[in-house]
Amino acid sequence: MAKIEITDLNFYYGDMQALHHIAMSVPDRQITALIGPSGCGKSTFLRCLNRMNDTIPGTRVEGSVLLDGQNIYAPGTNVVDLRRRVGMVFQRPNPFPQSVFDNVAFGPRVLGLTRERDLHELVEESLHRAALWDEVKDDLHQDAQQLSLGQQQRLCIARTIAVEPEVILMDEPCSALDPIATLEIEELMKKLEKEYCILIVTHNMQQAARVSDWTGFFWLGKLVEFDATQTVFTRPSHKLTEDYITGRAG
Amino acid sequence: MDETRQTRGGEFLIESFIRVIGVSSIGFVGLIFLFLLREGIPFFFEVEPGNLLGTRWYPTFDLFGMLPLLLGSVLVTVIAMGIALPLGVATAIFVREVAPNWAREILKPLIEVLAGIPSVVLGFFGMTLIAPLVRETLGVPTGLTAFTGALILAYMALPTIISVAEDALDAVPKSYRDAGLAMGATQWQTIWRVVVPAARSGIVTAMMLGMGRAIGETMAVMMVTGNAARMPLALDSLFQPVRTMTATVAAEMGEVAQGSTHYRALFAIGIILFLLTFVINLAAASTIFKKRRRGGLR
């Protein structure tokens with residue numbers, strides 16, 4: 001069964017409809033890439049999956065998003081709990097202006113974990129899994145914002161996995177990074193894929209082709225094509241997809 | 001060619017004009033300070049230190065103990081800040097983080113208007129409404145007490161604290177809030193663990209500016225504190241009359257013989273006040289400066 005099952009999802013910013021009848025099945029423990037030109041709705045779609053769009057006034061959602069069979073838009077859904085299960089990594093690395101340790105410990109502390117020893121263990125493990133431990137282990141109390149951008153982004157990933165989510169949403173996680181840092185994040189994603197359901201929005205075709213198992217192509221708020229990455233990049237079933245991938249459209 | 005020279009000439013004129021204005025306003029402040037020093041410094045040589053540090057302020061008997069006044073100012077200011085700081089920060093958080101947009105649009109200008117109420121009006125308000133209230137609820141002989149003064153001062157410092165703290169919260173990038181919420185923190189957890197710590201230096205600045213406003217305030221304080229120059233050291237002195245440095249200067253300056261020791265004593269109080277506010281503002285400025293420098297790296 002799919003980890004996330006999206007059916008007939010419409011999304012509106014005020015009167016402007018940003019997403020039209022999106023339907024998609026996102027498999028667990030695989031990477032799903034969302035591609036498409038700027039403003040096509042892929043980031044909006046991603047933010048529908050952890051209800052981050054709720055924080056923008058004047059927005060409206062129709063349709064259903066089932067996470068393990070539960071509609072996250074059903075009345076009475078605990079949004080705080082949902083966001084713990086569905087973590088998010090943002091486009092620009094956004095560590096808090098606090099120490100490396102406090103950044104990773106933020107989520108566990110919010111959940112009520114206070115024993116210093118447990119926190120230490122969890123922080124170390126999360127930093128290991130985010131492939132950052134070796135670079136920061138000497139000074140966990142340095143200001144997180146003094147790290148390089150690539151390190152900051154891996155710190156944000158460590159912070160996200162510290163609360164043991166089931167799904168990780170990544171909104172163009174590499175667009176602010178240099179090629180080496182980008183490669184590091186991609187390797188990390190391949191590693192994390194074994195434990196999490198990962199969705200990534202990217203502008204980088206090669207990145208989608210390199211890391212993802214499934215690819216969805218968005219165009220003007222519609223999901224034009226959704227298939228195995230191999231298929232989308234070699235034998236796309238829509239002319240528009242082919243044009244976009246080869247750089248003739250978008 | 002001609003035209004360029006003309007523009008250059010005009011440019012030069014305007015530049016010098018602005019420079020003269022800027023330099024002279026700094027100069028005037030300097031002159032005021034010099035005047036204050038000239039009138040006040042001799043006092044410290046005229047009166048022996050024992051008298052100066054005494055506990056009795058009776059200028060007619062040549063007793064110039066400044067401690068009761070200094071402690072009076074400190075007591076009223078500290079209590080006022082103790083009231084105003086939590087209230088101000090909480091209000092700032094409410095206005096910036098919790099209130100819906102339309103409420104914020106109404107509240108912000110309203111709070112700024114509060115800052116413009118003349119202090120004599122607040123003093124009047126304190127005298128006729130707050131003082132009787134304090135007297136009756138606490139059962140003290142007079143409502144004109146240090147506590148009444150602190151209440152009025154807290155009220156006066158609030159608009160400054162709220163608007164500066166609100167600006168500080170506003171300057172916290174949305175991405176921090178998003179990150180907090182996306183981690184599964186509640187709105188309150190995000191505010192308390194992410195936004196407020198990130199705005200800390202601005203909140204400290206708000207506190208300093210509010211304090212500077214409180215310690216320098218004269219009229220309202222003079223009207224509601226009762227103006228008895230006694231040492232506020234007893235446990236209940238908060239609910240008894242005190243006299244602040246500012247009120248002393250304002251009350252006595254009109255009756256003093258120019259050039260007398262008493263006259264110089266009032267200027268000496270002015271110097272002490274000046275130094276106090278200077279230190280507070282310096283502390284506020286240094287936190288702002290620190291924040292800027294850190295901001296420069298990003």
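Just so you know, these numbers use all the heavy atoms, side chains as well, and skip hydrogens, waters and symmetry mates. Per chain, numbering begins at 1; letters A, B, ... match sequence-line order.
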query = Just wondering, are more than 12 heavy atoms of other shown residues or ligands nearer than 6.0 Å to CZ in Phe278(B)?
reply = no
request  = Look at atom CZ of Phe90(A) and say whether more than 12 heavy atoms of other residues, nucleotides or ligands are closer to it than 6.0 Å.
outcome  = yes
request  = Return yes when atom CD of Glu62(A) has more than 12 non-hydrogen atoms of other residues, nucleotides or ligands closer than 6.0 Å, and no otherwise.
outcome  = yes
ask   = Taking everything shown except Asp15(A) itself, do over 12 heavy atoms lie less than 6.0 Å from its CG?
value = no
query = In this structure, are over 12 heavy atoms from other groups packed under 6.0 Å from Trp133(A) atom CH2?
reply = yes
Flag if over 12 foreign heavy atoms under 6.0 Å of OH, Tyr73(A) = yes
inquiry  = For Pro197(B), is there any backbone N or O sitting under 3.5 Å from a side-chain donor or acceptor partner on Gln98(A)?
reply    = no
query = Between Gln91(A), Arg51(A), Met52(A), which shows the greatest number of heavy-atom pairs under 4.5 Å with chain B?
reply = Met52(A)
inquiry  = When you measure from the side chain of Asn94(A) to the backbone of Tyr176(B), do you find a donor-acceptor pair of N or O atoms at a distance under 3.5 Å?
reply    = no
task = Please look at Arg159(A) and chain B and tell me whether the side chain, the backbone, both or neither of the residue comes under 4.5 angstrom of a heavy atom of that chain.
result = both
request  = Give a yes or no on this: more than 12 heavy atoms of other residues, nucleotides or ligands lie within 6.0 Å of atom CD1 of Ile180(A).
outcome  = no
note = Cut-off 4.5 Å, heavy atoms of chain B, and the answer for Pro95(A) is backbone
request  = Can you tell which part of Val86(A) gets under 4.5 Å to a heavy atom of chain B, answering side chain, backbone, both or neither?
outcome  = backbone
ask   = What's the spacing between Thr186(B) OG1 and Asp81(A) CG if we round to 0.5 Å?
value = 12.5 Å
key: Separation between CZ of Arg177(B) and OG1 of Thr55(A), rounded to the nearest 0.5 Å   = 11.0 Å
request  = Given side-chain contact (heavy atoms from CB on, under 4.5 Å), test Arg109(A) with Gln189(B) step by step and report yes or no.
outcome  = CA-CA 10 Å; Arg109(A) 277 178 177 150; Gln189(B) 287 168 329; over 6 Å; no
request  = For side-chain contact (heavy atoms from CB on, under 4.5 Å), just list the numbers for Val110(A) and Met183(B), CA-CA rounded to whole Å, side-chain angles, deciding distance to a tenth of an Å, and then say yes or no.
outcome  = CA-CA 9 Å; Val110(A) 158; Met183(B) 296 285 305; over 6 Å; no
request  = State, to 0.1 Å, how close Phe96(A) and Ala179(B) come at their nearest heavy-atom pair, and which atoms those are.
outcome  = CE2-CB, 3.8 Å
